[in-house]
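Following: one structure in structure tokens, then a few remarks.
Letters A, B, ... are given to chains in the order of the sequence lines, protein chains preceding strands, and every chain is numbered from 1. Any value given below was found using the heavy atoms of this structure, including those in side chains, with hydrogens, waters and symmetry copies removed.
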There are 2 protein chains.
Amino acid sequence: MLTIGQLADYARVTIKAVRHYHLRGLLPEPDRDSSGYRRYTAEHAVKIVKIRTLAQAGVPLARVKDLLDADPDTLAAAITEIDHDIEERIAQLRRTRDQLAQLRGGDRLFVSPEVADHLDELRELGVSERQLHLERDGWILMQTASPEDASLWIAEKRELMTDPEFRALYLDHDAAYDWSPDDPRLPALADRTRNWFARSPGRSETGPVHNPAIARLAAQSQPGASSPAWDRLARLMTDRS
Amino acid sequence: MLTIGQLADYARVTIKAVRHYHLRGLLPEPDRDSSGYRRYTAEHAVKIVKIRTLAQAGVPLARVKDLLDADPDTLAAAITEIDHDIEERIAQLRRTRDQLAQLRGGDRLFVSPEVADHLDELRELGVSERQLHLERDGWILMQTASPEDASLWIAEKRELMTDPEFRALYLDHDAAYDWSPDDPRLPALADRTRNWFARSPGRSETGPVHNPAIARLAAQSQPGASSPAWDRLARLMTDRS
DNA sequence: TCGAACCTTGACCTAGGGGCAAGGTCAAGC
DNA sequence: GCTTGACCTTGCCCCTAGGTCAAGGTTCGA
């Protein structure tokens, strides 16, 4: 006959857990000795090892209770199912490990692989961290609003980036962020930008949502995402177009 | 700007989880719109994907909170540690799977491998299920009371079982359970048993605890573990020895 | 304009215990 | 006989990481 502590040690379970199983009706209360201590038999030990095994497998105690006095076929079926469940949890943990590795890496975790590649290209081009941040956040918002459109837009944007003139314009806009709003280079930049859009084939017919500048607009809905120079640039471009 | 539902969908998290993160101080409460709805930015989306990734890895939210604004080196170290932790949990799940498989099989889960092998041998010998049950429970109690002694005793018991005469005695004792207490075969069986113990070398000097009959005695402390014939047998053996 | 889908807060629930209080019991050693 | 430490008892509230339900306000698309 075992005390609760001996039983708990045998099954490698805490005393508290044993009492919890009594409370949940998984384990019948054993007889008490003259001093009121619970006295367990080997039957209890067997049952509690069963309970522990199922509970460790993540089976809710309510289900463990049913399983304990189910017929062997039902139990076997349940075990098969639980086994599959564990396999799946292992696979999930592996996926989590991969994501954890990406968390070290940078932004790939937060955006689609295409956008992540795009951001990498921008970084190589020498785009400022501020601008990268703006781009990333813009794509996040777009992906959230419309994942299908976002995947079209990113393909278009990346194709655009193969044009050296567009790349130059992009870098100039990036640099212009810090300029004074009175900077004489701003009107010229606005002109070059408008000219490029006018020359670029098919830009206008795809509708306003297909304009890659919407990335910047979306990002600008965040606080601190614009500057006096950019505001001036926006006015220069809309006024004369 | 995202609603709570859009944010939750983006990060593949439930709305309730998002609010829970606010409650725990992991995620700053965003501004509300005119109707009191929370309105999120891409910054929130980034943060919540981080939180989700760490939380899915089993990191307690309190620690996630610290990690969110830790310096990169601290974060990297923590991620390495968390990664090891996941590996360990995968290993544990594999062990649980093995145990689950044993749960289908039978008794191996509840006793040491040596005892399990012993029980298998007894089963092959044609021992009754009742007796097997008694043996198993006896070994459980012994293992609980004194694991080291139990491992010595099981080795001794298995060596004993290699003796054909002991095996015959064991099977006869098993069969005798159901006999009438007046059965004429009982005194003869008691004699044969006493003779065997007397002949068997070193049986008496190892002390009473090394007598394998203690298995039966231990098992008999359970209700319904004896019979009139066994009681008579016990009296016959002690009276005349 | 209406219904569906969304949002709000609040209250209560879960599993598997942990920790503490306020004791009772038991075995060993002096 | 007395103390000490380890063990046991019940009962209570606490935790995590949310889930669920209720009762209501809001927004959006047909």
Side-chain angles (χ1 to χ4, degrees), chain A residues 1-27 29-40 44 47-68 82 85 89 92-93 96 144-146, chain B residues 1-27 29-40 44 48-68 82 85 89 92 96 144-146:
Chain A
M1 303 294 270
L2 318 171
T3 65
I4 196 168
Q6 289 171 318
L7 177 74
D9 286 350
Y10 174 80
R12 265 155 299 177
V13 155
T14 63
I15 290 177
K16 190 82 187 197
V18 175
R19 291 206 268 250
H20 192 63
Y21 298 153
H22 285 315
L23 205 69
R24 298 276 144 182
L26 297 185
L27 192 67
E29 282 274 1
D31 294 338
R32 308 295 183 111
D33 66 13
S34 60
S35 59
Y37 288 13
R38 293 179 181 84
R39 290 295 176 168
Y40 296 89
H44 289 97
K47 203 157 193 174
I48 211 165
V49 170
K50 251 185 193 174
I51 295 172
R52 184 209 60 191
T53 305
L54 289 168
Q56 260 178 5
V59 180
L61 293 195
R63 187 149 181 237
V64 170
K65 188 180 177 182
D66 296 340
L67 253 40
L68 279 176
I82 293 162
D85 201 65
R89 278 183 10 235
Q92 176 61 50
L93 279 180
T96 301
T144 312
S146 172
Chain B
M1 302 294 270
L2 317 171
T3 66
I4 196 169
Q6 289 171 317
L7 178 74
D9 286 349
Y10 174 80
R12 266 155 299 175
V13 156
T14 63
I15 290 177
K16 185 73 200 209
V18 176
R19 291 205 268 249
H20 191 65
Y21 299 153
H22 287 315
L23 205 68
R24 297 274 141 184
L26 296 185
L27 192 67
E29 280 274 1
D31 294 338
R32 308 293 183 110
D33 65 14
S34 60
S35 60
Y37 288 14
R38 294 178 180 83
R39 290 295 175 166
Y40 296 88
H44 289 98
I48 211 166
V49 170
K50 252 187 192 172
I51 294 173
R52 183 209 62 192
T53 305
L54 290 168
Q56 262 178 3
V59 181
L61 294 194
R63 187 151 181 236
V64 171
K65 188 179 176 182
D66 295 340
L67 253 41
L68 280 176
I82 293 162
D85 201 65
R89 289 205 335 258
Q92 176 60 51
T96 300
T144 311
S146 171

Chi angles and distances behind the side chain to side chain contact (heavy atoms under 4.5 Å, CB included) call for R19(A), R38(A): CA-CA 10 Å; R19(A) 291 206 268 250; R38(A) 293 179 181 84; 3.8 Å; yes

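- With hydrogens and angles ignored, a donor-acceptor pair under 3.5 angstrom links the side chain of Y37(B) to the base of dG25(D).
- L7(A) places its CG atom 10 Å from the P atom of dC8(D), with the value rounded to the nearest Å.
- Taking atom CZ of R38(A) as the reference point, atom C1' of dG24(C) lies 14 Å away to the nearest angstrom.
- One interatomic measurement links the two molecules: NE2 of H22(B) to C1' of dG10(C), which rounds to 17 Å at whole-angstrom precision.
- Put simply, the side chain of K50(A) does not reach to within 4.5 Å of the side chain of V64(A), judged on heavy atoms.
- In terms of phosphate contacts, S35(A) brings no side-chain nitrogen or oxygen within less than 4.0 Å of OP1 or OP2 of dC8(D).
- If you take CZ of R63(A) and P of dA15(C), they are 14 Å apart, rounded to a whole angstrom.
- To the nearest angstrom, P of dG16(C) lies 4 Å from CG of L61(A).
- Mapping T14(B) and I15(A) onto DNA chain D by nearest heavy atom places I15(A) closer to the 5' end of the strand.
- Close to dA15(C), at under 4.0 Å from its OP1 or OP2, lies a side-chain N or O of R24(A).
- Side-chain contact between R63(B) and I82(B) is present, with at least one heavy-atom pair separated by less than 4.5 Å.
- Taking only side-chain nitrogens and oxygens, Y21(A) comes nearer than 4.0 Å to OP1 or OP2 of dG17(C).
- When the side-chain nitrogen and oxygen atoms of R19(A) are compared with OP1 and OP2 of dG17(C), none of them lie within a distance under 4.0 Å.
- Residue contacts for R32(A): at a heavy-atom cut-off of 4.0 Å it reaches the sugar-phosphate backbone alone, with no base atom in range.
- At dC6(C), none of the side-chain N or O atoms of T3(B) fall inside 4.0 Å of OP1 or OP2 (strictly under the cut-off).
- Rounded to an integer number of Å, the gap from CD of Q6(B) to P of dC28(D) is 10 Å.
- Atom CG of D33(A) sits in a crowded spot, with more than 12 heavy atoms from other residues, nucleotides or ligands closer than 6.0 Å.
- Comparing atom distances between the H20(B) side chain and each of dT27(D), dG18(D), dT8(C) picks out dG18(D) as nearest.
- dA17(D) atom P lies 16 Å from atom CZ of R52(B), rounded to whole Å.
- The shortest heavy-atom contact between R89(B) and Q56(B) is NH2-O, 4.4 Å.
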What N/O pairs connect the protein and nucleotides 20-24 of chain D at under 3.5 Å? Give each pair on its own line.
{"unit_1": "dT20(D)", "atom_1": "O4", "unit_2": "K16(B)", "atom_2": "NZ", "d": "2.8"}

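- To the nearest angstrom, P of dC8(D) lies 11 Å from CG of L2(A).
- Under a cut-off of 6.0 angstrom, the local environment of CG in D85(A) is crowded, with over 12 non-hydrogen atoms contributed by other residues, nucleotides or ligands.
- Side-chain contact between I4(B) and Y37(B) is absent, with no heavy-atom pair separated by less than 4.5 Å.
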